[in-house]
Amino acid sequence: MTKQEYMNQAEQHLFHVYNRFPVVFDHGEGVYLYDTDGKAYLDFASGIGVMALGYADPEYTEALTDQAKRLLHTSNLYYTPQVAQAAEALAKVSGLDKVFFTNSGAEAIEGAIKTAKKFASLRDGHAGHEVIAMQQSFHGRTVGALSVTGTDHYREPFYPLMGGVKFANFNDLDSVKAQMTNNVCAVILETVQGEGGIYPADPAFLKGVRDLCDEYGALLILDEIQCGMGRTGSMYAFQQYGVKPDILTTAKALGLGVPVGAFVVTDKVAQASLVPGDHGTTYGGNPLVCAAVAKSCELIEKRGLPEHVQTMTPYLEQTLDYFVEKYDFATTHRGMGFMQGLVLTIPVGPVVAKALEEGLIVLSAGKDVLRLLPPLVMEKEGIDEMKEKLTRVLDSFC
Ligand SMILES: *Cc1c(COP(=O)(O)O)cnc(C)c1O
């Protein structure tokens, strides 16, 4: 079939909830994707931060195919070696203690919220606690996750959402203080805001929120679904801040392409919150995804990818400096590690579309931020190729 025939077939039967780009991908290798016509695309998106090792990594693929032949699924009524190993690996790389595996990022958020609510209700002997979330945050599309997502156009058609959510401004400690009471069970925020436009938390803000949570007995939930798993130059971004959450949410690169997320809690939280009967999932943490999680934790560390990101970041940032100097419509850039945003004064959508035509995959964040989430294995040559391609793209908007 031709590309157009695949696109027509898809549009005939898929619920039109995405405006897809006119490309049909066939396979990937390393930092390149290939479409059904054999055209190569340099990947600076990683399938939205998922494919941290790039495509078709032999060691990862072997682990996954071995597991597919052995055992795919049993349910959470039983133990498997894979769930034991994956939980241990994730506890180790995160520095937290107890893991619950989910099928997505949004489900990890749901679990984190339920855990915080249960923790507070056991402590206080009643329910009815509130959550503080951030403006411009993004935590997912399920109703609970949407309730703590601070972007109106994602939320408004679906009102009423979960009650008891108050919004503060990211990187504005006073605005969090103004909302804090003894009835707040949790503050939830992304260590680096992703969809909202690539805003890293200020160290003083994150420390301040941690202290405020401790003062009021609220739990700190850090959502590292996008920024975790080595992307910012450490396994989790919070590890560079000297601040530890009570609950961590993680997904995207956690399984390197298989659908898996998790929320991870401290012993203190695990001992006084959810108990058997409070929460569950049929697929969550099945042997297939857990084989992937154990392997992704192993490979990201063994190959020194957080360190590689640290080494390459100045070079990537110099390239972004070059764009800011060269183009009037590129005003600044910001980010952490391999999570970078180039701020434009022109609409970013057409830039992303034009880049695809040039064989370069990039993302947007909001209306005016060009978002780069390259695979963590990206080398200098790939950054040079991105610079050359994106220069051609941006030249066409002058
Ligand atoms: C992608 C994302 C989510 C939602 O994850 P899904 O797997 O799409 O449900 C939540 N939080 C952040 C920060 C994300 O980037």
Side-chain angles (χ1 to χ4, degrees), residues 30-31 42-55 57 60 89-90 93-96 104-105 108 137-140 189-201 203 206 222-241 243 245 248-258 260-262 264 292-293 295-317 319-320 333-342 361-365 369-380 382-383 386:
V31 295
L42 177 67
D43 182 25
F44 266 72
S46 309
I48 321 187
V50 171
M51 305 302 285
L53 286 189
Y55 299 90
D57 179 82
Y60 171 81
L90 184 51
V93 298
S94 67
L96 278 73
S104 67
S137 63
F138 182 82
H139 299 293
L189 61 96
E190 296 152 90
T191 315
V192 183
Q193 283 195 334
E195 306 296 318
I198 315 291
Y199 290 94
L206 200 55
L222 290 183
D223 179 353
E224 297 221 6
I225 288 169
Q226 190 163 149
C227 64
M229 296 304 285
R231 180 154 295 283
T232 64
S234 52
M235 272 312 267
Y236 287 96
F238 73 78
Q239 292 161 341
Q240 295 177 54
Y241 285 84
V243 163
L248 169 73
T249 59
T250 179
K252 289 196 163 86
L254 179 63
L256 297 173
V258 300
V260 59
V264 193
V293 169
K295 208 64 191 171
S296 69
C297 291
E298 179 198 324
L299 292 181
I300 290 173
E301 281 215 314
K302 191 170 87 181
R303 295 185 187 172
L305 293 181
E307 295 76 18
H308 175 72
V309 168
Q310 285 173 29
T311 308
M312 296 308 296
T313 297
Y315 196 67
L316 178 58
E317 287 178 339
T319 305
L320 297 174
H333 64 84
R334 56 178 177 250
M336 210 171 152
F338 275 10
M339 185 170 180
Q340 294 285 339
L342 179 67
I361 306 173
V362 293
L363 297 164
S364 58
V369 178
L370 185 77
R371 177 170 45 148
L372 302 178
L373 300 175
L376 306 188
V377 295
M378 189 63 74
E379 301 283 353
K380 252 186 170 145
I383 296 173
M386 178 272 286

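Put simply, the residue from Leu248, Thr232, Val192 that forms a side-chain contact (heavy atoms from CB on, under 4.5 Å) with Glu224 is Leu248.
Checked by atom type and distance alone, the side chain of Gln310 pairs as donor or acceptor with a backbone atom of Gly233 at under 3.5 Å. A donor-acceptor contact shorter than 3.5 Å is absent between the side chain of Tyr199 and the backbone of Thr191. In this structure, the side chain of Arg231 engages the main chain of Pro374 through a donor-acceptor pair within 3.5 Å. Side chain of Thr319 to backbone of Tyr315: a donor-acceptor contact under 3.5 angstrom is found. Not one N or O on the side chain of Glu307 forms a donor-acceptor pair closer than 3.5 Å with the backbone of Thr311. In terms of modelled atom types and a separation under 3.5 Å, the side chain of Glu190 and the main chain of Phe138 share a donor-acceptor contact. In this structure a side-chain-to-backbone donor-acceptor pair under 3.5 Å is missing from Glu317 to Met312.
Considering all non-hydrogen atoms of both residues, Leu376 and His308 come closest at O-CD2, 2.9 Å. For the residue pair Ala52 and Ala253, the shortest heavy atom distance occurs at CB-CB, 4.0 Å. When all heavy atoms are compared, the tightest approach of Ala292 to Tyr60 is CB-OH, 3.6 Å. The two atoms that bring Val93 and Cys297 nearest to each other are CG2-SG, 4.0 Å, heavy atoms only. Among all heavy-atom pairs drawn from Lys252 and Gly49, the shortest one is CB-O, 3.7 Å.
Between Arg334 and Gln340 there is no side-chain heavy-atom pair separated by less than 4.5 Å. Residues Leu53 and Lys295 are not in side-chain contact: their nearest non-hydrogen atoms beyond the backbone lie 4.5 Å or more apart. Contact check for Leu372 versus Phe338: no side-chain heavy atoms found under the 4.5 Å cut-off. In this structure, Arg371 and Gln226 have side chains that are in contact, with non-hydrogen atoms separated by less than 4.5 Å. Residues Asp43 and Pro375 are in side-chain contact: their nearest non-hydrogen atoms beyond the backbone lie under 4.5 Å apart. In this structure the side chain of Met229 reaches within 4.5 angstrom of the side chain of Ile300, judged on heavy atoms. Looking at heavy atoms from C-beta onward, Val31 lies in side-chain contact with Val377 at the 4.5 angstrom threshold.
Interatomic distance, Met378 CE to Leu42 CG, rounded to the nearest 0.5 Å: 4.5 Å. Note that the CD atom of Gln193 and the SG atom of Cys227 stand 10.5 Å from one another [nearest 0.5 Å]. Put simply, CG on Leu96 and OH on Tyr236 are 9.5 Å apart, with the number rounded to the nearest 0.5 Å. Atom OG of Ser364 and atom CG of Leu342 lie 12.5 Å apart (nearest 0.5 Å). With values rounded to the nearest 0.5 angstrom, Ile383 atom CD1 is found 5.5 Å from Phe44 atom CZ. To the nearest 0.5 angstrom, Leu363 atom CG is 8.5 Å from Ser46 atom OG.
Salt bridge status for Asp57 with Arg303: present, with a side-chain N to carboxylate O gap under 4.0 Å.
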- Task: Any chance you could lay out the side chain to side chain contact (heavy atoms under 4.5 Å, CB included) test for Leu189 and Leu206, step after step, and finish with the verdict?
- Result: CA-CA 9 Å; Leu189 61 96; Leu206 200 55; 3.7 Å; yes
